[in-house]
Asker: 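Take this structure first; my questions come after.
One-based numbering along the sequence shown.
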Amino acid sequence: MTSPVPGPRTTRRAFLRLAGASVAFAGLANLRALPAQALESHAAGERFFAADDAERLAAVAERLVATGDPGMPAFRDTRALRTIDALCARLDPALTGPLPLLLRLVEWGPLLFDWRLARFSRLDAAGQDAHLEGWMRSRFHWRRLGFLALRNLALLGYYSQQETWPGIGYRGPLLAGPGRAP
């Protein structure tokens with residue numbers, strides 16, 4: 001008598017990975033039409049970030065999207081911060097709740113992690129880049145994830161702005177959306 005051929009072994013860890021990936025993919029699927037909606041909700045006065053946290057996010061995002069190309073607009077010269085703010089206001093608070101704390105950790109990180117008597121916002125551009133690289137390459141998984149979260153928000157907010165499209169060779173969507181010329 002032959003024994004049945006064993007199939008792939010299902011473990012609890014594999015199931016949780018699959019469930020986590022499913023949630024992430026579902027969240028990403030909801031982001032496809034956000035820029036226009038995000039600005040509409042922002043006009044209605046819905047805010048996620050407090051003023052000081054928005055300033056911290058702008059300082060971090062400015063360094064994360066810096067290309068060195070003088071033809072590209074600065075992060076603060078676009079509506080990217082408002083787009084990110086509105087996006088976070090629309091997402092599940094379980095996903096976005098830790099962002100203000102993360103921004104405070106990045107702000108005070110030079111003192112906590114690098115033993116420098118300075119805050120992120122007081123560092124020069126090279127110091128800010130070095131500090132963010134420390135987050136990116138940290139031996140602590142939660143710091144690397146925090147860096148990725150901030151980087152993804154900064155890139156999403158920045159490159160969804162029409163002012164940035166010529167610099168990356170994007171001519172815009174094939175179909176005009178509401179309020180845009182074809």
Asker: Working to the nearest 0.5 Å, report the span between CZ of R90 and CZ of F48.
Answerer: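 One finds 14.5 Å between CZ of R90 and CZ of F48.
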Asker: Say you draw a straight line from CD of E62 to CG of D77; how long is it, rounded to the nearest 0.5 Å?
Answerer: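 One gets 7.5 Å once the value is rounded to the nearest 0.5 Å.
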Asker: Shortest non-hydrogen contact from P166 to Q162?
Answerer: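 Smallest heavy-atom distance, with atoms named: CD-O, 3.4 Å.
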Asker: Assess whether side chain to side chain contact (heavy atoms under 4.5 Å, CB included) is satisfied between R76 and E55, documenting all intermediate values.
Answerer: CA-CA 10 Å; R76 293 173 194 268; E55 180 57 35; 3.0 Å; yes
Asker: Apply side chain to side chain contact (heavy atoms under 4.5 Å, CB included) to L64 and V60, showing your working.
Answerer: CA-CA 6 Å; L64 291 173; V60 170; 3.7 Å; yes
Asker: In terms of hydrophobic clusters joined by side-chain contacts under 4.5 Å, are V106 and F140 together?
Answerer: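 Yes, V106 and F140 fall within the same hydrophobic cluster.
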Asker: For A154 and V65, work out which heavy atoms get closest and say how close.
Answerer: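 Heavy atoms of A154 and V65 come nearest at O-CG1, 3.8 Å.
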Asker: Can you tell me how far apart CG (L99) and CG (D53) are? Round to the nearest 0.5 Å.
Answerer: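 The CG atom of D53 is 9.5 Å from CG of L99, to the nearest 0.5 Å.
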Asker: Just by modelled atom types, is the T164 backbone N or O under 3.5 Å from a matching donor or acceptor in the Y170 side chain?
Answerer: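 Not at all, since once roles are kept as given, no pair shorter than 3.5 Å links the two residues.
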Asker: Quick check for you: to the nearest 0.5 Å, what is the distance between E107 atom CD and L57 atom CG?
Answerer: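 It comes to 12.0 Å.
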Asker: Tell me whether L150 is reachable from Y159 by hopping between hydrophobic residues (I, L, V, M, F, W, Y) whose side-chain heavy atoms are closer than 4.5 Å.
Answerer: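 Yes, Y159 connects to L150 through the hydrophobic network.
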Asker: Is the positively charged end of R144 above the ring of W135, judged by distance under 6.0 angstrom from the centroid and angle within 45° of the axis?
Answerer: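 No; the conditions do not both hold, so R144 does not lie above the ring face of W135.
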Asker: Roughly how far, to the nearest 0.5 Å, is CZ of R143 from CG of L105?
Answerer: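 L105 CG to R143 CZ: 9.0 Å, rounded to 0.5 Å.
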Asker: Could you grab the distance from atom CH2 of W165 to atom CZ of R171, nearest 0.5 Å is fine?
Answerer: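 W165 CH2 to R171 CZ: 13.0 Å, rounded to 0.5 Å.
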Asker: Is W108 atom CH2 crowded by more than 12 heavy atoms from other residues, nucleotides or ligands, each under 6.0 Å away?
Answerer: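 For W108, atom CH2 is not crowded (no more than 12 foreign heavy atoms under 6.0 Å).
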Asker: Please name the pair of heavy atoms, one in A118 and one in L123, separated by the smallest distance, quoted to 0.1 Å.
Answerer: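 Looking at all heavy atoms of both residues, the closest pair is CB-CD2, 3.7 Å.
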Asker: State, to 0.1 Å, how close D69 and G71 come at their nearest heavy-atom pair, and which atoms those are.
Answerer: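 It is OD1-N, 2.9 Å.
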Asker: When hydrophobic residues are tied together by side-chain contacts of less than 4.5 Å, even through go-betweens, does W115 share a cluster with L132?
Answerer: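 As far as the 4.5 Å side-chain criterion goes, L132 and W115 are not connected within one cluster.
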Asker: Within a 6.0 Å radius of atom CD1 on I168, are there more than 12 heavy atoms belonging to other residues, nucleotides or ligands?
Answerer: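 Yes, the 6.0 Å shell around CD1 holds more than 12 heavy atoms from other groups.
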Asker: Test salt bridge (charged side-chain N to carboxylate O under 4.0 Å, His left out) on D85 and R82; report intermediate values, then the result.
Answerer: CA-CA 5 Å; D85 187 67; R82 285 181 277 184; over 6 Å; no
Asker: Got a salt bridge between R63 and E133, using NZ or NE/NH1/NH2 to carboxylate O under 4.0 Å?
Answerer: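 Salt bridge absent between R63 and E133.
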Asker: I want to check something: taking the side chain as every heavy atom from C-beta on, are T83 and T78 in contact at a cut-off of under 4.5 Å?
Answerer: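 A side-chain contact is absent here, since even the closest heavy-atom pair is not under 4.5 Å.
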